[in-house]
Amino acid sequence: ATDGREGEMGRSDLAKSSCPVSRAIERVGDPWVLMILREAFVGTRRFDDFHAQTGASPHLLSQRLKQLCDDGILRRRRYCDHPPRFEYLLTDKGRDLWPVIITLRNWGQTWLGGSSVRLMHKGCGAVIDPGLSCPDCGAALTARDVVAEISEEFEQERKHRKGGTE
C-alpha cells in the first residue's frame, strides 16, 4: 500500500485510518463514484442512463455500481425479467451522501462557474442553495466559524505518520 517510506499512505491505508474523512474518501472519493452519485440524486436509475450521463466505460461503470451496492450505498433491483434488467436505487446510507454532492455542486458553481441543477424545496417551492448550519442555533456556518478538536486516537495516528514514537 505504501512505498515503504515512514508516514506515507497508500489508498488502501485510508480504510484503516481512525479518521472518518479518510475512510469516506476511500469509499466514495473516486471521481466516477461521485458522478454516479450525482446522477442517482437527479433520478438516474438504469445502467444505460448512468453510462450515457457519466461517460464512464461499461466495464468501469459496472465495477463502480457493484462497489456502491457492496458498500450499501446503492441497491440493485430487477425491473424486467426477460431479458433480466436492473435499476440502481439509493439506500438510506446513499441518501446520507446528499450533503456531499450538494456541497460539491455549490463549490463548483461558486469557483468554477455554471449552474446545472436548480434545487427547490418540496415543502414550500422555494429555490434553494443549501448550506451548513448549526443544529443548535441555526446560524450559517463556514470554516471560520468552527473549531476542529482532534481525537486522541487520531492524534496518535498523526504523530505516527510524522515519524513520532508515541
Side-chain angles (χ1 to χ4, degrees), residues 1-42 44 50 54-56 60-61 63-76 88-123 126-166:
T2 66
D3 68 3
R5 288 187 283 192
E6 184 69 30
E8 290 192 11
M9 292 176 61
R11 180 159 180 155
S12 63
D13 295 321
L14 295 174
K16 300 172 195 160
S17 174
S18 64
C19 174
V21 174
S22 295
R23 293 191 320 269
I25 288 170
E26 192 273 330
R27 293 294 174 99
V28 298
D30 176 89
W32 296 111
V33 166
L34 293 169
M35 293 292 288
I36 291 166
L37 289 171
R38 178 201 68 184
E39 284 305 309
F41 280 111
V42 297
T44 302
F50 280 114
T54 65
L60 185 130
L61 181 58
Q63 288 179 323
R64 296 312 188 275
L65 288 169
K66 181 179 182 330
Q67 172 194 337
L68 287 164
C69 289
D70 289 348
D71 287 341
I73 294 167
L74 295 177
R75 71 179 174 87
R76 192 173 115 155
Y88 297 87
L89 305 167
L90 288 161
T91 63
D92 288 343
K93 187 176 182 180
R95 282 187 293 278
D96 278 352
L97 288 164
W98 184 77
V100 173
I101 299 301
I102 293 305
T103 300
L104 286 170
R105 169 203 172 263
N106 291 350
W107 184 89
Q109 282 185 184
T110 299
W111 296 103
L112 304 174
S115 179
S116 58
V117 176
R118 186 172 70 157
L119 302 173
M120 292 180 14
H121 180 223
K122 286 181 184 179
V127 174
I128 59 170
D129 279 320
L132 298 174
S133 62
C134 176
D136 285 345
C137 72
L141 297 175
T142 69
R144 291 188 173 118
D145 301 315
V146 178
V147 173
E149 294 181 357
I150 297 173
S151 72
E152 181 63 30
E153 180 182 14
F154 190 43
E155 185 60 39
Q156 292 303 315
E157 184 179 319
R158 292 165 58 86
K159 284 180 183 177
H160 178 73
R161 277 203 302 271
K162 267 184 103 170
T165 57
E166 298 174 46

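Partner Val33 forms a side-chain contact (heavy atoms from CB on, under 4.5 Å) with one of Leu97, Ile73, Leu65, Val28 and no other, that one being Val28.
Within the 3.5 Å criterion, the main-chain N or O of Leu68 finds no donor-acceptor partner in the side chain of Asp71. The backbone N or O of Met35 lies less than 3.5 Å from no partner atom in the side chain of Thr54, so there is not a single donor-acceptor pair. Remark: the backbone N or O of Leu90 is paired with a side-chain donor or acceptor of Arg95 at under 3.5 angstrom. One N or O on the side chain of Gln67 and one on the backbone of Arg27 form a donor-acceptor pair closer than 3.5 Å.
The two residues Phe41 and Gly94 come nearest to each other via the heavy atoms CZ-O, 3.4 Å. The heavy-atom pair separating Leu112 from Trp107 by the smallest distance is CD1-CZ3, 3.6 Å. In terms of heavy-atom proximity, Phe154 sits nearest to Cys19 at CE1-CB, 3.3 Å. The two residues Gly114 and Gln109 have their closest heavy-atom pair at O-CG, 3.1 Å.
How far OG of Ser18 is from CD of Glu157: 4.0 Å, rounded to the nearest 0.5 Å. Summarising the geometry, atom CG belonging to Leu60 is positioned 6.0 Å from atom CD belonging to Gln63; distances are rounded to the nearest 0.5 Å.
Asn106 and Thr103 share no side-chain donor-acceptor pair at under 3.5 Å. Under the 3.5 Å distance criterion, with hydrogens and angles disregarded, a donor-acceptor pair is assigned to the side chains of Gln156 and Glu152.
Side-chain contact between Leu37 and Val100 is absent, with no heavy-atom pair separated by less than 4.5 Å. Side-chain atoms of Ile36 and Leu61, non-hydrogen and from C-beta on, do get closer than 4.5 Å to each other.
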Enumerate, atom names and distances included, each donor-acceptor pair closer than 3.5 Å involving a side-chain atom of residues 126-136, sequence neighbours excluded.
{"unit_1": "Asp129", "atom_1": "OD1", "unit_2": "Arg105", "atom_2": "NH1", "d": "3.0"}
{"unit_1": "Asp129", "atom_1": "OD1", "unit_2": "Arg105", "atom_2": "NH2", "d": "3.1"}

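Of the charged side-chain nitrogens involved, none lies within less than 4.0 Å of a carboxylate oxygen, so that Lys93 and Asp96 do not count as a salt-bridged pair.
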